[in-house]
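Whatever order the structure lists ligands and atoms in, that order sets their numbers, starting from 1. In this chain, residues are counted from 1 in sequence order. All values reported here derive from a predicted model rather than from experimental measurement.
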Amino acid sequence: MIILKTPAEIEVMAEASRVVAEVLEIVRKEICPGVSTDDLDRLAEEAIRVRGGIPAFKGYRSYPKTLCASVNEQVVHGIPSKRKLKDGDIIGLDLGAIVGGFYGDSAVTVAVGRIPEGTAKLVQVTKEALYLGIKQAVVGNRLTDISHAVQRHVESAGYSVVTEFVGHGIGRQLHEEPQVPNYGKPGQGPRLQPGMVLAIEPMVNMGGSAVRVLEDRWTAVTADGSLSAHFEHTIAIQPSGPARVLSELTEGSA
Ligand code: MF3
Ligand code: CO
């Protein structure tokens, strides 16, 4: 069952998502060679708590940390550790917060120092795929119009979408219905309605789409060792016009 949110509830979700956006920006600014992913995790937890939020991932199905920090061939759910970032790495930062009983969820992929042009293109195409998906998140469209737009853009660049993990509805739970795949034929699934809040999150591999999970039972990596990028926004379907991107830092400043 898809739980529609009232306008008042969407304002609370905007607050939760704003906390996530602000904290991701703070963490992003600290990224440089020599910083450990544990350093970033501590910073993220502190910054969420001073904003009155609760880290959403810590303790979720026994996930141990606040942040997911996925480096290079790690697709999602990389667990922060003593690992230090190196020049030329890319790192996916995925963060969730609970504010007023509602979740916000967002992810970005960031360059560490200087990265090769090909790597920068993977990051750029993944971000573009997210925004093309968001563009389809309008009343009258169906769910897989989002999915199809993401897949089309990624594959036209010669990359692969990950199919094992999907976006999701979000609200009082981190994961609500519907699932939001990053692939599929257009025009399928539920019709998009005002009050639907979705986390859209393309995960894109430079090589094949296959992934595997490491011994730590969390870290997903590309099966072929190729690089992977991930972007995510929490968005609300509006009564008319484009979706409201709740986890965008400029949200509300327009
Ligand atoms: N953005 C991811 C998701 O929505 C992050 C989940 S990490 C977990 O699934 F630890 F909370 F599972
Ligand atoms: Co998510």
**Prompt:** Between Arg18 and Glu25, is there a side-chain N and carboxylate O pair less than 4.0 Å apart?
**Reply:** no

**Prompt:** Do NZ/NE/NH1/NH2 and the carboxylate oxygens of Arg49 and Glu45 come within less than 4.0 Å?
**Reply:**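 So Arg49 pairs with Glu45 through a salt bridge.
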
**Item:** Cluster check Val138, Leu130: I/L/V/M/F/W/Y, side chain < 4.5 angstrom
**Value:**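 Cluster IDs for Val138 and Leu130 differ.
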
**Request:** Using 2.8 Å as a strict upper limit, say whether an N, O or S atom of Asp105 approaches the Co ion (ligand 2) that closely.
**Result:** yes

Return a table of donor-acceptor pairs under 3.5 angstrom between the side chains of residues 83-100 and protein atoms on other chains or two or more places apart.
| from | atom 1 | to | atom 2 | distance (Å) |
| --- | --- | --- | --- | --- |
| Asp87 | OD1 | Arg114 | N | 2.9 |
| Asp89 | OD1 | Asn72 | ND2 | 2.9 |
| Asp89 | OD2 | Lys86 | N | 2.8 |

List ligand 1's nitrogen or oxygen atoms that come under 3.5 Å of a protein nitrogen or oxygen, with the partner atom and distance.
| from | atom 1 | to | atom 2 | distance (Å) |
| --- | --- | --- | --- | --- |
| ligand 1 | 1 (N) | Asp94 | OD1 | 3.1 |
| ligand 1 | 1 (N) | Asp94 | OD2 | 2.7 |
| ligand 1 | 1 (N) | Asp105 | OD1 | 3.1 |
| ligand 1 | 1 (N) | Asp105 | OD2 | 3.2 |
| ligand 1 | 1 (N) | Glu232 | OE1 | 3.0 |
| ligand 1 | 4 (O) | Asp105 | OD2 | 3.0 |
| ligand 1 | 4 (O) | His168 | NE2 | 2.8 |
| ligand 1 | 4 (O) | His175 | NE2 | 3.0 |
| ligand 1 | 4 (O) | Glu201 | OE2 | 3.3 |
| ligand 1 | 9 (O) | His175 | NE2 | 2.8 |

**Prompt:** So which N/O/S atom does Glu201 have closest to the Co ion (ligand 2)?
**Reply:** OE2

Any donor-acceptor N/O pair, [X] side chain to [Y] backbone, under 3.5 Å:
| X | Y | result |
| --- | --- | --- |
| Thr37 | Ser81 | yes |
| Gln124 | Lys121 | no |
| His148 | Gly184 | yes |

**Prompt:** Quick one: angle His168 NE2 - the Co ion (ligand 2) - Glu232 OE2, to the nearest 10°?
**Reply:** 110°

